[in-house]
Amino acid sequence: MAAMFTCCLGCCGDAGSGHIPLKEMPTVQLDTHHMGTDVVIVKSGRRICGTGGCLANAPLHQNKSYFEFKIQSTGVWGIGVATQKVNLNQVPLGRDINSLVLRHDGSIYHNNEEKNKLPANSIPQEGDVVGVTYDHVELNLYLNGKNMHCPASGIRGTVYPVVYVDDSAILDCQFSDFYHTAPQGFEKILFEQQIF
């Protein structure tokens, strides 16, 4: 009986310490496997420059997601959500059904249609932080922590955070450790966990 008990313990991981090593959760960052050909990703997958778009490496599975972008250098840029079918070499995004984005001029585009627009005095500038909430129906925007009250919707399917840059724009992504507190009920992007 004692031999069977020892065998069971030995089968459950490191028999020496009795601890089972935990698998480390991956970090949400920009995905170098889903980016435009002229995009440059630096700072451990958190900064985008060059020309084109890039998806994050985690889809928005949970009901209410929040993430942020800080404008390090102005130019042509856009942020929002997109499916993996989006053409990341063709900027600006928002021209087809595969992306819903805020563009640098304050307009929000999906399927080549302006869905909403930021107030004229709230166009993001260099140094500003734009927060994005998404609840699988509606995308909302926050400028330096303040709700802009300009919802947009229309995209369908599994979506990922997306960002594009052109004309010397540089943006930093924050998928955790936010500059501003996430709006109530919203949280950082969670990887889908599989339990076997």
Under a 4.5 Å side-chain heavy-atom rule over Ile, Leu, Val, Met, Phe, Trp and Tyr, are I79 and F67 clustered together? yes
Interatomic distance, L30 atom CG to I41 atom CD1 [nearest 0.5 angstrom]: 4.5 Å
Out of curiosity, N87 CG to S99 OG, how far, rounded to the nearest 0.5 Å? 9.5 Å
Sidechain-backbone polar pair: Q174 side chain, D177 backbone, donor-acceptor under 3.5 Å: yes
Would you say M35 ends up clustered with V163 if hydrophobic residues are merged whenever their side chains have heavy atoms under 4.5 Å apart, either directly or through other cluster members? yes
Side-chain donor/acceptor of H61 to backbone N/O of I189, under 3.5 Å: no
Could D172 and R47 be called an ion pair, given the rule that one side-chain N must be under 4.0 Å from one carboxylate O? yes
When L100 is tested against each of T83, I155, V159 for side-chain contact (heavy atoms from CB on, under 4.5 Å), which residue passes? I155
Non-hydrogen side-chain atoms of P124 and L118 separated by less than 4.5 Å: yes
Which atom pairs, one a donor and one an acceptor, fall under 3.5 Å between side chains of residues 143-152 and the rest of the protein, sequence neighbours left out?
{"unit_1": "N144", "atom_1": "OD1", "unit_2": "V129", "atom_2": "N", "d": "2.8"}
{"unit_1": "N144", "atom_1": "ND2", "unit_2": "D128", "atom_2": "OD1", "d": "3.0"}
{"unit_1": "N147", "atom_1": "OD1", "unit_2": "H149", "atom_2": "N", "d": "2.8"}

Does NZ or CZ of R95 come closer than 6.0 Å to the centre of the six-membered ring of Y109, within 45° of the ring's axis? no
Look up atom OH in Y142 and atom OG1 in T181, then write down how far apart they are to the nearest 0.5 Å. 12.0 Å
If I take atom NE2 from residue H110 and atom CG from residue L139, how far apart are they, to the nearest 0.5 angstrom? 11.5 Å
Out of curiosity, does L171 fall in the hydrophobic cluster containing F175 (side-chain heavy atoms, cut-off under 4.5 Å, transitive links)? yes
Which heavy atom of S107 sits nearest a heavy atom of K117, and at what distance? CB-NZ, 4.0 Å
Cluster overlap I71 with V42, hydrophobic side-chain contacts below 4.5 Å: no
For I97, does the CD1 atom sit with more than 12 other heavy atoms under 6.0 Å from it, leaving out its own atoms? no
Evaluate whether atom CG of N112 has more than 12 neighbouring non-hydrogen atoms of other residues, nucleotides or ligands under 6.0 angstrom away. yes
Here the gap from I170 atom CD1 to K43 atom NZ, rounded to the nearest 0.5 Å, amounts to 10.0 Å
For A58, does its backbone N or O pair with a side-chain atom of D31 as donor and acceptor, under 3.5 Å? no
I'd like to know whether E138 forms a side-chain hydrogen bond (donor to acceptor under 3.5 Å, both in side chains) with N140, so could you lay out the CA-CA distance, the side-chain angles of the two residues, the decisive distance to 0.1 Å, and finally the verdict. CA-CA 6 Å; E138 198 170 78; N140 267 293; 3.1 Å; yes
Using modelled atom types and a 3.5 Å cut-off, is there a donor and acceptor pairing between side-chain atoms of R46 and backbone atoms of C173? yes
Can you give me the closest heavy-atom contact between F191 and T27, atom names plus distance? CE1-C, 3.8 Å
Starting from L55, walk the hydrophobic network (Ile, Leu, Val, Met, Phe, Trp, Tyr; side-chain heavy atoms closer than 4.5 Å) and list everyone else you reach, by chain and number. V76, V86, L88, V91, L93, V101, Y160, V162, Y164
Verify side chain to side chain contact (heavy atoms under 4.5 Å, CB included) between N89 and T51, making sure each step is shown before the conclusion. CA-CA 8 Å; N89 288 308; T51 298; over 6 Å; no
Would you say H180's side chain and G131's backbone share a donor-acceptor pair under 3.5 angstrom? no
Say whether, by atom type as modelled, one donor and one acceptor occur between the side chain of E187 and the main chain of S65 under 3.5 angstrom. no
Quick check: are there more than 12 heavy atoms from other residues, nucleotides or ligands sitting under 6.0 Å from NZ of K188? no
Heavy-atom donor-acceptor pair, E113 side chain to K115 backbone, under 3.5 Å: no
Ignoring hydrogens and geometry, is there a side-chain-to-backbone donor-acceptor pair from Q62 to L190 under 3.5 Å? yes
Can you tell me how far OH of Y66 sits from OG of S176, rounded to the nearest 0.5 angstrom? 12.0 Å
With side chain to side chain contact (heavy atoms under 4.5 Å, CB included) as the criterion, how do L102 and V130 come out once you've worked through the C-alpha distance, each side chain's angles and the decisive distance to 0.1 Å? CA-CA 10 Å; L102 167 69; V130 181; 3.9 Å; yes
